[in-house]
Amino acid sequence: MRLKLKFLIIPLIFIVLFSVSVLSETGKLLILHTNDIHGVISHSTAFWMNPSFPPPIGGAASAVALIKNIREEAAREGYEVLVMDAGDIWQGTPVGDKTQAMATIKYFELAGYDVWALGNHDFDAGWEVAKMLTESSPMPVVCSNIIDTTTGAMPTWKNLYPYIIVERGDLKIGILGAITDDMNTLVSEDKLGPIRFPKVGLTIPKYIKELREVEKVDLVIGLFHTGISYTKEEKYLVLKEWQKEADAKGLVYGTDEYTNFIYEKKGFGLQDHEIADLVPGLDVIVGGHSHSGLYPPWEDPRNHTIVVQAYSKLSSIGQLELTYDRNTKQIVNYRADNFTLFSDEIPPDKETDLIISEMVNDAESGMKIPIATSRTPITRGNDETLLGNLITDAIKERFDMDVVLFNRGGMRADLPDGDITEMDIYQVLPFGNSIVTMEVSGLLLKEILEVGVSGRRRDTQLAGVKLVYNPNFPEKERITELRINGEPLDLNKTYKFATSDYLAQGAVGYYMFAFVEENDFTGVTIRSSVIEYVKKHTPLDVKLEGRIRRNEKAQYSQELIKLNEDVKSRELEIKDARNLEMDYR
């Protein structure tokens, strides 16, 4: 049976929200979920569909309208509803920054969310802000793998729990939270203060056991900000190979030793699919962190855990419909979908629209006035990018550096051709990172540049450097040609070097920065430096210059053969720094 939805257009896009069961022995639970909102609660556009004429997205106001409508229909038809968010709720827009999450919390309240989970970016303004927004939340917040090192126990923040238990109809449901294992490489140590994050795979089993055996819940839902591992079977087969190695070593599935072995093989934190396979007892994982819609869901072949994730920035709402046996409380069927919040199909809730618009307009006042122009779009991509060149050039000029390093992951939007506003630059650089300057030896600079071309989630944008690398060559020896401001790299020379405070703390593989003894945290934001730069150099005409070139056929130049030999001869000078990588991670 198709529900008679309030908005006439909605039945055209919802291919049967619910199917009324003719069997009294089964019931249905509908999970509505969002993730990685990043403060985008106002109207936006579906630029990914048509950059020239993007369809309008209604944001929080359309989301509230949709959720209200679904709740009303579910009540009439006898279904149960849960609404939840998987973290990264505020950081990334002026309204998110200036209200320090309170705007998103207000949206949660208006929409009637039941629970949300902490994400890594919810700590970007420091652990005290994460504590404040948790304690200000009208609904519970979940995160099980979080400890206060001053007590060795979970922080005693109001509204923060490892899990919550809710009842929906005849179901008793445990909702267990978790955050990515990689927190110490994603958030600087000074911002985390006394807060640390034990490994998800070693923490959640005890809570699942507690929920199952002590609390006697019928379903366990993981609300995890850990990210999607893969969407294709061949990636799953890689996990299976690691597990075969573990089995061959005599390690027992389900033990800490077994799980730790998988951690070592992967090299960074476990994600949703791996958790589903390694940790029995989870019925569903509602995910976040990857910004990737996962439809259809992934069902783990071993434990039959269902994994879902919606798209980011409140462009859509995910829906997972579970059919369960009322006698055994076992899931007997499921289906999922993702509903884009097109404002012409889901008319925004008027009250919500007024509340959100007032907060957004106040936060963005004066930010939409043109400050520069560009002759062409300034875009992102892989290896060298136009946007990366612009950002690193702005930093290089601001502090007169020899070399600048920035990470592609810090660039969150492209710049348009034509007029550029402060709002445009804010969308490119939403995280508010500041510039750190330091002096590094040529030997350390070689190590830094090799990290940037090593893959494994590591990336690089550069100023003052031109290099060629072969991704098929061994790590630490992938660069085949190299020039620093037109000159060969001198291992003995000291170079003036700048990067972001995020990377300077050792994030995404640049562990060596965390151990540089003398650096200057300037307090100058990258965003303000780019604003200053574009004003000075308008109209912009950014070019690709061969700063980073990938060539799978490249061979070492004679210069690089000699340079690598010299690096190896001085191995003792860098061995300690390399050994610190695993300790840091």
Side-chain angles (χ1 to χ4, degrees), residues 36-40 85-106 108 116-137 140-161 177-198 225-226 269 288-289 359 363 407 409-410 412 426 429-436 499-508 510-511 513-514 519-528 584-585:
D36 302 281
I37 291 175
H38 284 285
V40 184
D85 183 89
D88 276 5
I89 71 169
W90 67 275
Q91 213 284 345
T93 63
V95 71
D97 286 356
K98 292 181 181 181
T99 67
Q100 290 192 323
M102 288 302 100
T104 308
I105 294 290
K106 184 63 178 178
F108 285 167
W116 59 278
L118 287 170
N120 57 290
H121 283 294
D122 296 322
F123 288 83
D124 278 357
W127 69 274
E128 298 96 338
V129 172
K131 177 177 183 289
M132 178 275 296
L133 68 94
T134 299
E135 294 187 335
S136 301
S137 174
V141 183
V142 289
C143 185
S144 60
N145 62 320
I146 180 172
I147 61 168
D148 184 334
T149 56
T150 61
T151 63
M154 188 170 177
T156 56
W157 302 350
K158 178 185 175 184
N159 297 328
L160 179 65
Y161 307 94
I179 196 169
T180 174
D181 296 310
D182 298 323
M183 283 295 289
N184 68 322
T185 70
L186 297 174
V187 183
S188 60
E189 186 175 348
D190 63 314
K191 291 180 179 177
L192 292 179
I195 305 301
R196 293 295 180 270
F197 303 88
H225 194 84
T226 49
H289 190 47
M359 290 190 289
N407 62 305
R412 293 306 178 104
Y426 192 103
L429 297 165
F431 300 131
N433 295 115
S434 59
I435 298 167
V436 178
T499 189
S500 68
D501 57 350
Y502 171 62
L503 295 184
Q505 295 285 343
V508 291
Y510 291 100
Y511 58 90
F513 290 140
N519 48 41
D520 180 12
F521 284 75
T522 65
V524 176
T525 66
I526 296 171
R527 189 189 306 139
S528 66
Y584 179 75
R585 291 180 53 252

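Along the sequence shown, residues carry numbers from 1.
One distance of note links OG1 of Thr180 with CZ of Phe197; it measures 10.0 Å at 0.5 Å rounding. Once rounded to the nearest 0.5 Å, the distance linking CG of Leu133 with OG1 of Thr104 reads 9.5 Å. In this structure, CE on Met183 lies 8.5 Å from NE2 on His225, to the nearest 0.5 angstrom. Remark: Phe521 CZ to Ser188 OG distance equals 7.5 Å, nearest 0.5 Å. Interatomic distance, Lys106 NZ to Met359 CE, rounded to the nearest 0.5 Å: 7.5 Å. Expressed to the nearest 0.5 Å, how far CE of Met132 lies from OG of Ser137 amounts to 11.5 Å.
Smallest separation of non-hydrogen atoms from Gly432 and Arg527: N-NH2, 3.2 Å. Minimum heavy-atom separation, Thr150 to Pro194: CG2-CB, 3.9 Å. Annotation for Gln91 and Pro430: closest pair NE2-O, 3.2 Å, computed over non-hydrogen atoms. Across all their heavy atoms, Glu189 and Gln505 have their closest contact at N-OE1, 3.8 Å. Of all heavy-atom pairs spanning Gly177 and Ser144, the tightest one is O-OG, 2.6 Å. In terms of heavy-atom proximity, Ser528 sits nearest to Val524 at OG-CG1, 3.8 Å.
The shortest side-chain heavy-atom distance between Trp90 and Asp122 falls under the 4.5 Å cut-off. Side-chain contact check for Trp116 versus Ile105: some heavy-atom pair is nearer than 4.5 Å. Residues Lys158 and Thr134 have side chains not in contact (no heavy-atom distance under 4.5 Å, counting atoms from C-beta outward). Within the 4.5 Å cutoff, the side chain of Thr499 has no heavy atoms near those of the Tyr510 side chain. Counting heavy atoms from C-beta outward, His289 and Thr226 have side chains that stay 4.5 Å or more apart. Between Ile195 and Asp148, some side-chain heavy-atom pair lies under the 4.5 Å cut-off. Between Tyr502 and Phe431 there is no side-chain heavy-atom pair separated by less than 4.5 Å.
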**Residue pair Leu118, Leu160: steps toward the side-chain contact (heavy atoms from CB on, under 4.5 Å) verdict** = CA-CA 9 Å; Leu118 287 170; Leu160 179 65; 4.0 Å; yes
**Message:** Walk me through whether Thr185 and Val508 qualify under side-chain contact (heavy atoms from CB on, under 4.5 Å).
**Reply:** CA-CA 6 Å; Thr185 70; Val508 291; 5.7 Å; no
**Request:** Apply side-chain contact (heavy atoms from CB on, under 4.5 Å) to the pair Ile37 and Phe108, showing each step before the final yes or no.
**Result:** CA-CA 11 Å; Ile37 291 175; Phe108 285 167; 3.8 Å; yes
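Checking Leu186, Asp88, Ile179 one by one against Phe123, the side chain to side chain contact (heavy atoms under 4.5 Å, CB included) holds for a single residue, Ile179.
The closest donor-acceptor contact from the side chain of Ser500 to the backbone of Asn433 lies at 3.5 Å or more, if one exists at all. Under a 3.5 Å cut-off, the side chain of Asn159 and the backbone N or O of Glu135 do form a donor-acceptor pair.
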